[in-house]
Amino acid sequence: MKPLSLHSMSSSFYLISLSLITFLAFLYAAGFTSILKKSFLNSKLLEYSAQVQEESISNIPKQEKDVGMPFAVGRTEEGCDVFDGRWVYDEVSRPHYGEHECRYISAQARCQAYGRPDKAYQRWRWQPHGCSLPSFNATFMLEKLRGKRMMFVGDSLARGQFTSMACLLRRASSKFAKSHKHFRSHGILRARKHNATIEFYWAPFLVESNCDNATVHKITDRIVNVHPESINKHAPNWKGVDVLIFNTYMWWIRDTNIKTLSVKWGLEYVKEMKKEDAYRLVLKRMVRWVEENIDPEKTRVFFTSLSPTHYRSIEWGGKPDGTCYNQTTPITDPTYWGSSASKSMMRVVEQVLGESKIPIIVLNITKLSAFRKDAHASIYKQQMHELMPEQLANPNSYADCTHWCLPGLQDTWNVMLYTKLFYP
């Protein structure tokens, strides 16, 4: 065999070297491409993360310091009047809870338990014109109320709103601890996990009266103390509350005049006053107390407006002797205004509360409630259930067209409270 020449050896070495360099170059290129790819992906990931973070921040509602009110996280859409609208039948999102799910509902409002045959009254949702209400988020509300107190002050209608709120929030709190103070005048439900309380304080006239006993108050001859210091009978129990909701109206409307207790030359005496004049004095006592005791940087104050009754079905085109009994649908006439909702008393509310130096937000539930002739307890409550059949020969004469079934209308009152508390 002929030995390889120097030239052949050189060519072979050259080919081997070239192949090795090509292979190394390929490996380097592949690695460099991988590095570039990795860097590119990392940069895109960082860019995406930054974008997501920016979007997340932009989606977080404005904080309290931006909105300028405690508890507020945003604003209601400009030009939106949440109290002006119509009732829409909604089988999907209503009711908020079942009657059997909330043990806090009293016998006065537990209509299904006492024989009401229909459930349609539970499924109506208030729809403002041109805008929408925020969905009631019980978890969010309880978190915002952590370490706080919410109190409803007033009569049995205020107690109904308090009960509704307890039922709405119960879904986010497995259990409330219940307690009473001052001979049941002051009811307290505590969400222990959040150290938050939902409270009710019985004061049907807000100031001192002879109807202040929370369990024995069916007094024919009602007397209201309108002395400047008369609110101090109850007001010490309201101090330290973070969300305060006042209500007083139902106990005022029975007569044209009301008896008041006044003081002159150190002597107390009883005199009759026009109910509007006495109402004005009482609301002024409330406003003065709010101005002297409430820090608007920490506490929000609300006033639930007049709750209408439905004892005269002739007013909405019904029978002359009819009431809310057997009514199963709302009034649809947008101009309807019943005689039970006194416009003169509403003007007093507007005037007096409008002069307050501390913001007092009126929850104007009067009009939306006026449409709901179908939502009252009627004869489906404990007191009526205990009557003999012969006594119920004329149900219209026994129907309760003042109080409301739960779940039902008063849940909407609290949706309004939720809206104005967090989105003023």
Side-chain angles (χ1 to χ4, degrees), residues 96-97 102-110 138 141-142 145 148-170 173 175-192 194-209 211-218 231 233-251 282 286 289-290 294 299-307 360-361 363 365 377 381-382 402-418 421:
H96 289 276
Y97 53 89
C102 187
R103 62 189 180 92
Y104 307 113
I105 302 176
S106 70
Q108 186 171 252
R110 199 174 285 275
M141 188 167 196
L142 267 182
L145 290 174
K148 308 291 186 182
R149 296 173 63 195
M150 170 182 281
M151 180 184 285
F152 296 85
V153 178
D155 54 29
S156 55
L157 289 165
R159 181 162 49 205
Q161 190 176 3
F162 154 77
T163 303
S164 163
M165 180 61 75
C167 294
L168 288 166
L169 293 178
R170 184 184 177 278
S173 179
K175 189 176 182 181
F176 283 112
K178 188 175 183 180
S179 61
H180 290 92
K181 292 182 179 179
H182 312 297
F183 303 102
R184 304 185 74 83
S185 292
H186 188 181
I188 303 170
L189 293 174
R190 183 182 300 277
R192 288 175 174 169
H194 297 81
N195 190 30
T197 60
I198 312 300
E199 307 176 37
F200 167 70
Y201 188 89
W202 174 266
F205 291 100
L206 301 185
V207 296
E208 182 182 21
S209 74
C211 308
D212 287 341
N213 188 306
T215 54
V216 184
H217 47 251
K218 291 184 178 180
I231 202 165
K233 165 75 179 295
H234 304 298
N237 298 284
W238 312 337
K239 289 186 176 181
V241 173
D242 301 282
V243 182
L244 196 51
I245 306 99
F246 291 107
N247 166 257
T248 181
Y249 175 67
M250 184 179 71
W251 287 64
V282 166
M286 182 198 78
W289 182 87
V290 167
I294 294 298
T299 300
R300 296 284 296 281
V301 183
F302 298 87
F303 186 90
T304 301
S305 70
L306 291 51
S307 177
I360 301 176
I361 307 301
L363 299 176
I365 53 83
K381 51 190 288 187
Q382 185 179 36
T402 298
H403 299 96
W404 309 94
C405 298
L406 287 177
L409 172 69
Q410 289 187 296
D411 299 323
T412 298
W413 296 7
N414 283 324
V415 171
M416 295 300 186
L417 173 59
Y418 179 95
L421 181 63

Quick one: do the W404 and S307 side chains pair a donor with an acceptor below 3.5 Å?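 Yes, S307 and W404 have a side-chain donor paired with an acceptor closer than 3.5 Å.
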
Please check if any side-chain donor atom of Q161 sits under 3.5 Å from a side-chain acceptor atom of T304, or the reverse.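 Judged by distance alone, the side chains do pair up.
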
Euclidean distance, [Y] [atom2] relative to [X] [atom1], rounded to 0.5 Å:
X: L417; Y: F152; atom1: CG; atom2: CZ; value: 5.5 Å
X: I231; Y: W289; atom1: CD1; atom2: CH2; value: 7.5 Å
X: L363; Y: T412; atom1: CG; atom2: OG1; value: 12.5 Å
X: F200; Y: M150; atom1: CZ; atom2: CE; value: 15.0 Å
X: L145; Y: D242; atom1: CG; atom2: CG; value: 8.0 Å
X: I245; Y: I360; atom1: CD1; atom2: CD1; value: 12.5 Å

Would a 4.5 Å heavy-atom cut-off, applied to side chains only, mark [X] and [Y] as touching?
X: F303; Y: V290; answer: no
X: W251; Y: C211; answer: yes
X: R159; Y: H403; answer: no
X: Y104; Y: L406; answer: no
X: M141; Y: L169; answer: yes
X: N213; Y: W202; answer: no
X: N247; Y: S305; answer: no
X: N195; Y: R190; answer: yes

Show your reasoning for whether side chain to side chain contact (heavy atoms under 4.5 Å, CB included) applies to F302 and V243. CA-CA 8 Å; F302 298 87; V243 182; 4.0 Å; yes

Out of the candidates L157, L206, V153, V207, only one should pair with T248 under the side chain to side chain contact (heavy atoms under 4.5 Å, CB included) rule; please name it.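 Filter result, single survivor: L206.
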
R300 side-chain N/O to L421 backbone N/O, donor-acceptor pair under 3.5 Å: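 The answer is yes, because a donor-acceptor pair under 3.5 Å joins these two groups.
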
Could you tell me whether a side-chain N or O of S185 sits under 3.5 Å from a main-chain N or O of Y201, the two making a donor and an acceptor?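 No; judged by distance alone, with no hydrogens or angles, the pair does not exist.
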
Would you name the heavy atoms of [X] and [Y] that are closest together and state the gap between them?
X: D212; Y: E208; result: OD2-CA, 3.5 Å
X: A377; Y: Q108; result: CB-O, 3.5 Å
X: F176; Y: A166; result: CE1-O, 3.6 Å

Between H234 and W238, what is the ring plane arrangement, given parallel below 30°, perpendicular above 60°, and tilted in between?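 The arrangement is parallel - the two ring planes meet at less than 30°.
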
The criterion is salt bridge (Lys or Arg N to Asp or Glu O under 4.0 Å); which residues satisfy it with D155, sequence neighbours excluded?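 Partners of D155 under the salt bridge (Lys or Arg N to Asp or Glu O under 4.0 Å) test: none.
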
